[in-house]
Amino acid sequence: MTKDRVVIFDTTLRDGEQSPGATMTHDEKLEIAELLDDMGVDIIEAGFPIASEGDFRAVSEIAERSKDAVICGLARAQLPDIDRCWEAVKKAAQPRIHTFIGTSPLHRAIPNLTMDEMAERIEQTVSHARNLCDNVQWSPMDATRTEWDYLCRVVEIAIKAGASTINIPDTVGYTAPRESADLIRRLIETVPGADDVIFATHCHNDLGMATANSLAAVEGGARQIECTINGLGERAGNTALEEVVMAMKVRGDIMPFETRIDTQKIMHISRRVSAVSGFAVQFNKAIVGKNAFAHESGIHQDGMLKNAETFEIMRPEDVGIAGTSLPLGKHSGRAALRAKLKELGVEVGDNQLKDIFVRFKDLADRKKEVYDDDILALVSATTDEEDHLELVNLKILCGTGGPAEATLEMAVGGTDQSAEAPGDGPVDATFKAVRVLHPNEARLQLYQVSAVTEGTDAQATVTVRLEEDGMIATGQSADTDTVVASAKAYIQALNRLIVRRQKVGPGADVREVSYKEL
Ligand code: KIV
Ligand code: ZN
């Protein structure tokens, strides 16, 4: 089947940036524009040049640096806006002016124009834009709440005045899919000259229907979808680029349309837009959310391990995600636990697996996520392995007089040994004494103390994270004495590193075998 081409018009840098708080810096806008161009976006709406000096400079520079994409700027239906817009986009290899006016009764009331006066303004401004630029897009803002006859009338005027793209915005996210398709279909059937222009759809997500409405409009005959990365935009946002593109890709059987988008670049650009706009992507957002390719429940994990298609309709790799994630939590089943153990290089028999599984469920009930370290600790517990290192006694001399001094007794492989070490404070002296008895190259990545109760006799919880040859191990301990808690946490992390090394073998790269992070 030959597929119709749908052009993707991205307005992350204009409509997306309009969301309260999503302002991006000049350099960030240039970076996002380059990523959009590289991923195959056909038209980039780079900003609203009359809105500010900064917007003007960003649009001009994006235009200058553009490669394959058409660079578009937004302008109200006013001649100075259109002139300013042209000044900004004209250096692009392919410039476009996008001019608009609100045509619904509510919006006509704001400039206080009659229907005739507005019609005249549209004719005048579109003609003016067309005299400057060959590529003009016109939008009747709030089209979905504009009277049908008036909408047909103004669309016809804009086409006659030279607009080559007519965008039909659902500015307030009011429409529903069937209406969205019908509106475009009827406009194409009714308005003289409609066959010679491209109809675009621009949907907002106030009722959560933006993506469905955009795709329905395409069914009705639209061939340009306006959208933003992550659906960034005013109020509930705009149609999300990643959603419409992947919907057409995955359901090509019922939506036989294609785009130029390189879908493997989706995740990267999603993360960058989230970072620069400061808008976190919700975990369960389609395609780009942290959980979009993650499965925790036992039934799902079991299915995924047998055949990924059981619970995934697209491959994570297709959108630039390293792989499916099967985080272990209280809903996970035995199959996922066995897979995780295998990944960690731990071979267990059925009985031991049963035992580990019971302990794992108990732990998962208390903890949100169960990490690799926790699993290895459960394995040690079920094999009755003794910790290689065990704190026996610790004495500290510290104060204002000089360096601290630690006297440590520690069992190493079952034999008590002792050492003394000076240090820059009591914790440093303690860790040094541990290293005298158990020399190691582990790097301290994190040392964190938090009080779990109140008062000077509060319990302190100390967390220590160590890294050695790419392996990471964490130890945690609580005690009313912070130095004792530190010693225990450090020793626990070292014990876990020892276990890991035994399970995975020398030189093995644990990062490669751990579950890929989204
Ligand atoms: O939502 C809208 O109507 C717009 C127009 C400026 C096209 O963003
Ligand atoms: Zn909009």
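Atom set for the values below is all heavy atoms of this structure, side chains included, hydrogens, waters and symmetry mates excluded.
One N or O on the side chain of Arg223 and one on the backbone of Val218 form a donor-acceptor pair closer than 3.5 Å. Between the side chain of Asp170 and the main chain of Thr175, a donor-acceptor pair closer than 3.5 Å is present. Distance alone, capped at 3.5 Å, places no donor-acceptor pair between the Ser19 side chain and the Ala22 backbone. A side-chain donor-acceptor contact under 3.5 Å links Thr146 to the backbone of Ser104. Between the side chain of Arg121 and the backbone N or O of Ala77 there is at least one donor-acceptor pair closer than 3.5 Å. For the pair Gln282 (side chain) and Gly289 (backbone), a donor-acceptor distance under 3.5 Å is absent. Checking side-chain atoms of Thr259 against main-chain N and O of Ile261 turns up a donor-acceptor pair under 3.5 Å. Put simply, the side chain of Ser274 gets close to the backbone of Phe279: a donor and an acceptor are under 3.5 Å apart. Side-chain N or O atoms of Asn307 include one that pairs as donor or acceptor with a backbone N or O of Glu309 at under 3.5 Å. Although no hydrogens or angles enter the test, the distance criterion places a donor-acceptor pair under 3.5 Å between the side chain of Tyr150 and the main chain of Met115.
Shown here for Asp68 and Asp37, the closest heavy-atom pair between the two residues is N-OD1, 3.1 Å. Shortest non-hydrogen contact noted between Asp182 and Arg185 is OD1-NH1, 3.1 Å. In this structure, Thr103 and His107 approach most closely via the heavy-atom pair N-CB, 4.2 Å. In terms of heavy atoms, Asn205 sits closest to Ala210 at OD1-N, 3.0 Å. Nearest heavy-atom pair across Ala69 and Ile44 is CB-CD1, 3.8 Å. Closest heavy-atom contact between Ile159 and Gly193: CG2-O, 3.9 Å.
Atom CG of residue Leu13 and atom CD1 of residue Ile62 lie 5.0 Å apart, to the nearest 0.5 angstrom. In this structure, CG on Asn112 lies 10.0 Å from CE on Met118, to the nearest 0.5 angstrom. For the atom pair CG of Leu241 and CG of Asp10, the computed distance is 5.5 Å after rounding to the nearest 0.5 Å. Taking CZ of Arg153 as the reference point, atom CD1 of Ile122 lies at 8.5 Å (rounded to 0.5 Å). Rounding to the nearest 0.5 Å gives a distance of 9.0 Å between CG of Asn238 and CD of Glu226. Atom CZ of residue Arg130 and atom OG1 of residue Thr99 lie 14.5 Å apart, to the nearest 0.5 angstrom.
Between Arg84 and Glu53 there is a salt bridge, with a side-chain nitrogen of the basic residue lying less than 4.0 Å from a carboxylate oxygen of the acidic one. By the 4.0 Å N-to-carboxylate-O rule, Glu34 lies too far from Arg65 to be salt-bridged with it.
The 12-atom threshold is exceeded at CG of Asn131, counting heavy atoms of other residues, nucleotides or ligands nearer than 6.0 Å. Applying the 6.0 Å contact sphere to NZ of Lys285 captures more than 12 heavy atoms from other residues, nucleotides or ligands. Residue Glu147 qualifies as enclosed at atom CD: its count of foreign heavy atoms under 6.0 Å is above 12. Residue Ile299 qualifies as open at atom CD1: its count of foreign heavy atoms under 6.0 Å is 12 or below.
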Are Phe199 and Leu187 close enough, and set up right, to give a side-chain contact (heavy atoms from CB on, under 4.5 Å), and what steps lead you there?
-> CA-CA 9 Å; Phe199 274 80; Leu187 281 168; 4.0 Å; yes
Worked check of side-chain contact (heavy atoms from CB on, under 4.5 Å) between Val172 and Asp142 | CA-CA 7 Å; Val172 290; Asp142 206 13; 3.9 Å; yes
Candidate pair Glu123 and Ser127, rule side-chain hydrogen bond (donor to acceptor under 3.5 Å, both in side chains), full reasoning | CA-CA 6 Å; Glu123 203 284 321; Ser127 303; 3.2 Å; yes
Trp138 vs His98, side-chain contact (heavy atoms from CB on, under 4.5 Å): CA-CA, chis, key distance, verdict | CA-CA 6 Å; Trp138 180 74; His98 175 194; over 6 Å; no
So Arg465 and Leu444, side-chain contact (heavy atoms from CB on, under 4.5 Å) or not? Walk me through it.
-> CA-CA 6 Å; Arg465 189 165 66 220; Leu444 184 68; over 6 Å; no
Apply salt bridge (charged side-chain N to carboxylate O under 4.0 Å, His left out) to Arg272 and Glu31, showing your working.
-> CA-CA 9 Å; Arg272 290 304 300 146; Glu31 181 200 337; 2.6 Å; yes
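In this structure, a donor-acceptor pair under 3.5 Å is absent between the side chains of Gln301 and His295. Thr324 and Glu312 form a side-chain donor-acceptor contact under 3.5 Å, judged by distance and modelled atom types alone. Gln18 and Glu234 are linked by a side-chain donor-acceptor pair at a separation below 3.5 angstrom, with hydrogens and angles left out of the test. Between the side chains of Ser139 and Asn167, at least one donor-acceptor pair of N or O atoms lies under 3.5 Å. Side-chain atoms of Gln137 and Thr165 form no donor-acceptor pair, as typed in the model, at a separation below 3.5 Å. Using a 3.5 Å distance cut-off with no hydrogens or angles, the side chains of His204 and Asp15 do pair a donor with an acceptor.
Each of Gln224, Arg5, Gln94 was compared with Asp42 under the side chain to side chain donor-acceptor pair (under 3.5 Å) criterion, and only Arg5 meets it. Checked options Ile198, Ile188, Val197; the residue passing with Ile166 is Val197 (criterion: side chain to side chain contact (heavy atoms under 4.5 Å, CB included)). For the side chain to side chain contact (heavy atoms under 4.5 Å, CB included) criterion with Thr12, the lone passing option out of Lys29, Met24, Glu17 is Met24.
Looking at Met246 and Ile266, their side chains come closer than 4.5 Å, going by heavy atoms from C-beta outward. Using a 4.5 Å cut-off on side-chain heavy atoms (C-beta onward), Phe56 and Cys85 make no contact. Inter-residue side-chain proximity for Ile168 and Pro140 is flagged as met; some heavy-atom pair is nearer than 4.5 Å. In this structure, Phe9 and Arg96 have side chains that are in contact, with non-hydrogen atoms separated by less than 4.5 Å. Counting heavy atoms from C-beta outward, Glu45 and Cys72 have side chains that approach closer than 4.5 Å. A heavy-atom distance below 4.5 Å is not found between the side chains of Glu296 and Leu326. For the pair Phe48 and Asp81, the minimum side-chain heavy-atom distance is below 4.5 Å. Residues Leu30 and Glu61 form a side-chain contact, since some pair of their non-hydrogen atoms from C-beta on lies under 4.5 Å apart.
With sequence neighbours excluded, the residues that form a ring pair (Phe, Tyr, Trp, His ring centres under 6.0 Å) with His300 are Phe311.
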